[in-house]
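Only a predicted model underlies this, so the values are computations on that prediction, with no experimental measurement involved.
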2 protein chains.
Amino acid sequence: MTKKPDEATVAAWIGLSRAQRVAMARVEARLKAEGLPPLAWYDALWELEKAGEQGLRPYELERAMLFEQYNLSRLAERLCRAGLIERDACPHDRRGRVLKISEAGRAMRRRMWDTYSEAIEEAVGAKFSLAEARSLAALLRKLE
Amino acid sequence: MTKKPDEATVAAWIGLSRAQRVAMARVEARLKAEGLPPLAWYDALWELEKAGEQGLRPYELERAMLFEQYNLSRLAERLCRAGLIERDACPHDRRGRVLKISEAGRAMRRRMWDTYSEAIEEAVGAKFSLAEARSLAALLRKLE
DNA sequence: GATGGGTAGATGCAATTGCATTGACCTAGA
DNA sequence: TCTAGGTCAATGCAATTGCATCTACCCATC
C-alpha cells in the first residue's frame, strides 16, 4: 500500500478546501452584489493588463490562469463580446490569436479592484496579523 | 475609502486560490483516472457515514458541505440513483427528507478513500514537514 | 516539397451549476 | 382556529463547464 497521509496533512487538506470555498464565496458574493462580473474576468483582465501592449496568446493566458483550454476559449469570447478585450489574429502563427485588454477592459478592472480589494481585506486581511499572512502565503507557495 | 489589503494579505489570497486549484485538480484527476466519482460524492458519503443510523436532513448536509441548497438537492438525487444513499420521508417534518448512506455507499466511500488518501498525500503531505502541515492547518482554520 | 506528428483554438453535445420560483409544510401569535 | 411569515426541498430555465473531437496550421524529417 502506498503511503497514507497523517492527521496534520488531512487537516491541512480539509482546511484548504473549506477556507478557500468560504473566502471565495464571500468575495464572489461581494462582486455580484455590486453588479460586477465574476472573479475569473478580473484575473484575465489583470493578466492582460500586466502583459501590456503585445497582449497574450490564449494558451499563455490559459496557463497563467490555470484554466482549461476550452474554458479559456469561451471566457475570451465573452470578454470580447463585452468589449473588454480584443481578440486579433496572430501575425506569427496563423492558427493563433492575440488577446489584448481594451480601454473599457482597463476601466472595468479598476472598478472591480475597488470592490475586490475590499473583499479580500474583509475575507482574509481582517483574520490575520501581518506575520500570519506572510507565513500563510509562504506555506501555500510550497503547494504548487 | 475602506481599508485596503496589504501585500501579504493579497499574497495569501492569491496563494490560497492557486494552491487550492492546483491541489484539487490533482486529486480530482486521480479519482477520475481510477474511474471513481467526484470528490463531492466522497464528502457527502463521509458526512452521512459519520452521522450514522439516523442519517442527516438535506439542510444539515448542505451546511456541513457548504453546498448551495439546489446543488445538494441534485447531488442527493444522483447519489440516490446510484444506490449509494437512501432518501426517505422525514417522520417529524413532512416537508423534509432524511438521507442515509447505504451499504453500497459505505463500500464506495472506502474504495474512494484508498485513492483519495494517496492523492492527498501526494498533493499535500509530500510538500510539508509535520510542523508545516500543522501550522498551515491552524492558519487556515482562522479563515472560517 | 511531401508528410507525420504535434500544437492552437473552436465547438457540438451532455452534465452540472446558478437563479428564481414553487409547493408543501411548520410555527408563532392574534 | 386561522393566518402570516418562515423553512424545506424540488424544479424550469439559462448559463457555464467538461469531454471529445475538429479544423487549421506549424515544424522536423525525409
Heavy-atom contact window of chain A on DNA chain D, given 5' to 3' at under 4.0 Å: D/dT16 to D/dC26
With sequence neighbours excluded, residues passing side-chain contact (heavy atoms from CB on, under 4.5 Å) with A/Ala8: A/Asp6, B/Leu130, B/Ala133, B/Arg134
Pairwise side chain to side chain donor-acceptor pair (under 3.5 Å) hits with a residue in residues 61-79 of chain A, at least two apart: A/Glu77-A/Arg81
Counting only non-hydrogen atoms, which of residues 66-85 of chain A are less than 4.0 Å from DNA chain C? A/Gln69, A/Tyr70, A/Ser73, A/Arg74
Partner residues of B/Pro58 under the side-chain contact (heavy atoms from CB on, under 4.5 Å) criterion, sequence neighbours left out: B/Leu72, B/Arg97, B/Leu99
Around atom CZ of A/Arg111, are there more than 12 heavy atoms of other residues, nucleotides or ligands at under 6.0 Å? no
Quick one: name the residues clustered hydrophobically with A/Val22, using the 4.5 Å side-chain heavy-atom rule over I, L, V, M, F, W, Y, and just say none if it's on its own. B/Leu66
Within 6.0 angstrom of B/Glu7 CD, more than 12 heavy atoms from elsewhere: no
Within the distance-only criterion (no hydrogens, no angle test), does the side chain of A/Ser117 pair as donor or acceptor with the backbone N or O of A/Trp113 below 3.5 angstrom? yes
Pull out every residue in residues 22-35 of chain B that has a heavy atom closer than 4.0 Å to any atom of DNA chain C, ordered by number, or say none. none
Please output the side-chain donor-acceptor pairs of residues 25-35 of chain B that fall under 3.5 Å, not counting sequence neighbours, one pair per line with the distance.
residue, atom, partner, partner atom, Å
B/Glu28, OE1, B/Leu39, N, 3.3
B/Arg30, NH1, B/Glu122, OE2, 3.1
B/Arg30, NH2, B/Glu118, OE1, 2.7

With the threshold set at under 4.0 Å for non-hydrogen atoms, list the residues of residues 47-65 of chain B touching DNA chain D in residue-number order. B/Arg57, B/Pro58, B/Tyr59, B/Arg63
Please output the side-chain donor-acceptor pairs of residues 85-96 of chain B that fall under 3.5 Å, not counting sequence neighbours, one pair per line with the distance.
residue, atom, partner, partner atom, Å
B/Asp93, OD1, B/Arg95, N, 3.0
B/Asp93, OD1, B/Arg95, NE, 3.1
B/Asp93, OD2, B/Arg95, NE, 3.4
B/Asp93, OD2, B/Arg95, NH2, 2.7

Think A/Arg87 has a side-chain N or O under 4.0 angstrom from the OP1 or OP2 of C/dA10? yes
Examine the side chains of A/Trp13 and B/Tyr116 and answer whether a donor and an acceptor come within less than 3.5 Å of each other. yes
Apply side-chain contact (heavy atoms from CB on, under 4.5 Å) to B/Glu60 and list each qualifying residue two or more places apart in sequence or on a separate chain. B/Leu56, B/Arg57
Closest nucleotide of DNA chain C for A/Val98 versus for B/Asp93: which of these residues is on the 5' side? A/Val98
Distances under 3.5 Å between protein N/O atoms and the N/O atoms of nucleotides 3-6 of chain C, please, pair by pair.
residue, atom, partner, partner atom, Å
C/dG6, N2, A/Arg95, NH1, 3.2

